[in-house]
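For reference, positions follow the sequence shown, starting with 1. What you see is a predicted model, and the numbers here were worked out from it, not measured in a lab.
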Amino acid sequence: MALKTLNFPIHWTSKPSLPNADRPILRIPPRRSARPAQPVVAVAAAANGNNGFRGIGDGGAASAKKGVQKNVDLVTLGNLCVDIVLGVPSLPPASKEDRRAYMERLAASRPHKNFWEAGGNCNLAIAAARLGLLCFTLGHVGDEIYGNFLLDVLRDENISFVGMSENVDSTANIAAYETLLCWVLVDPFQKHGFCSRADFSEEPAFSWMTKLTEEVKMAIQQAKILFCNGYAFDELLPDLIVSALDYAIGAGTTVFFDPGPRGRTLAHGTPDEQKALELFLKQSDVLLLTSDEAESLTGIKNPIQAGEALIRRGERTKWVIMKMGSKGSILINRSTVSCAPAFKVNVVDSVGCGDSFTAAIAFGFLHGMPTINTLALANAVGAATATGCGAGRNVARLCKVLELLKQSNLNEDDKFWSKLIEGNSLTSEVLLLSKVTINGCNDRLVRIPISNVVFELLPKFDVACESSVTQS
């Protein structure tokens with residue numbers, strides 16, 4: 001069956017999509033909460049003079065000693081794209097060449113703007129901003145219609161953008177500088193397929209980027225958390241990604257890493273990709289994975305055991321988060337294992353749920369919340385996103401999150417959790433979020449009533465929710 005796309009007439013004149021040197025870096029926007037934002041620290045003008053590859057943790061040492069103020073909650077590294085969300089009669093074929101031809105047919109006519117959405121790490125940044133976190137996105141967008149759309153969305157969500165472009169080769173292929181598009185395809189059975197030009201290149205999409213700009217370094221220095229995921233390797237060279245890790249550690253910035261589906265391919269990729277993956281797994285403060293992804297990286301099927309293995313393997317690892325889909329989530333640290341069943345919702349679309357979940361994990365980490373409270377909030381944010389259609393501007397809004405928390409309709413499955421826990425020779429305490437208040441089946445299991453958790457969570461957000469309703 002020939003693929004048919006929606007062909008709306010759009011009058012648009014192409015412009016060269018080289019990075020615009022005059023495009024300003026967005027400054028810190030006002031918070032949605034009552035607390036005023038701190039002023040942005042001036043960008044350091046001088047480089048450190050070391051052109052060699054630094055040891056991990058040396059990159060931001062000078063700035064850390066100078067006491068650069070950390071007034072940004074979260075920055076994301078790369079993976080900025082525009083999603084084109086289309087209903088299709090069938091998903092892309094498996095063969096690489098057939099998939100390329102399929103995508104070229106899609107791109108032959110530009111879909112109406114109604115089908116565009118901010119994608120990639122925009123999902124995480126938007127969800128985090130709606131929880132009240134101050135967010136920057138680091139990456140590249142082209143100076144064309146899609147790039148301008150993406151920047152408009154970020155600005156409307158009070159998220160700042162810092163461009164990573166520098167020393168652009170004006171003789172290079174213009175397409176190499178265009179905003180990355182991801183075609184999000186939904187078949188009649190609501191199954192999803194994804195494809196972008198990054199899928200068909202041996203090199204990362206923005207391989208012309210070879211070093212961190214001073215603006216990017218300053219953003220990392222100012223941030224409390226740097227988030228990176230495996231999709232960054234589709235855009236950026238491994239050495240550049242590792243240099244961001246290096247700079248973050250030296251600057252005292254917490255590193256979150258989610259290898260995602262790319263973890264498996266990175267583990268068997270080029271030597272540079274394998275080295276970068278190993279560094280992130282060892283040097284990150286917080287790792288986020290699905291149970292399947294954890295198994296592929298550790299060879300261990302039980303997610304709790306896999307998480308404990310990653311903790312032991314890590315040199316700086318504080319938390320390992322296991323995303324268990326409709327079952328819920330697990331947080332493993334060096335002293336406890338926390339388990340939280342998912343909330344029961346009518347799932348409309350699962351795209352963006354993991355990104356939204358991560359935003360809430362970041363919130364809990366930054367606010368020093370108990371681990372079980374952090375998981376409960378993250379599950380609620382992910383579930384709230386699942387009730388909407390698509391990601392980007394459709395990710396969870398705070399009032400929907402609070403509604404789910406108040407309903408406290410957990411998808412409890414004692415048999416599932418008991419099997420996971422009993423399969424481990426754990427000496428650490430195991431916490432399980434539950435509707436009931438009695439202790440569990442053995443002395444290691446502590447059931448935490450969700451009513452107690454919700455009672456502690458709601459005061460953090462009720463005022464913000466009322467404010468957002470008033471503003472809308």
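With sequence neighbours left out, the salt bridge (charged side-chain N to carboxylate O under 4.0 Å, His left out) criterion links Asp285 to Arg316, Lys318. Judged as a side chain to side chain donor-acceptor pair (under 3.5 Å), and not counting sequence neighbours, Ser196 has no contacts. With sequence neighbours left out, Asp83 forms a salt bridge (charged side-chain N to carboxylate O under 4.0 Å, His left out) with no residue at all. The salt bridge (charged side-chain N to carboxylate O under 4.0 Å, His left out) check on Asp98 picks up nothing, with sequence neighbours excluded. For Glu412, the side chain to side chain donor-acceptor pair (under 3.5 Å) partners are Ser434, not counting sequence neighbours. Partners of Cys353 according to the side chain to side chain contact (heavy atoms under 4.5 Å, CB included) rule, which considers only residues two or more places apart in sequence or in another chain, are Ser350, Thr385, Ala386.
Between His367 and Phe363, the two ring planes are parallel [angle under 30°; tilted spans 30° to 60°]. Aromatic ring pairs are classed by plane angle as parallel below 30°, tilted from 30° to 60° and perpendicular above 60°; the pair Trp116 and Tyr146 is tilted.
Comment: Asp258 engages Lys323 in a salt bridge, judged by a side-chain N to carboxylate O separation of less than 4.0 angstrom. Remark: Arg264 does not engage Glu293 in a salt bridge, criterion side-chain N to carboxylate O under 4.0 Å.
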- Task: Start with the C-alpha distance between Gln221 and Tyr247, add both sets of side-chain angles, then the distance that settles side-chain hydrogen bond (donor to acceptor under 3.5 Å, both in side chains), and finish with yes or no.
- Result: CA-CA 8 Å; Gln221 292 164 15; Tyr247 222 83; 2.9 Å; yes
(message) For a side-chain contact (heavy atoms from CB on, under 4.5 Å) check, start with the C-alpha distance between Glu97 and Arg100, then their side-chain angles and the critical distance, and finish with the verdict.
(response) CA-CA 5 Å; Glu97 288 307 312; Arg100 185 198 296 269; 3.8 Å; yes
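Contact annotation: the side chain of Phe136 never approaches that of Asp73 to less than 4.5 Å [non-hydrogen atoms, C-beta and beyond].
For the pair Lys327 and Phe416, the cation-pi criterion (under 6.0 Å, within 45° of the ring axis) is fulfilled.
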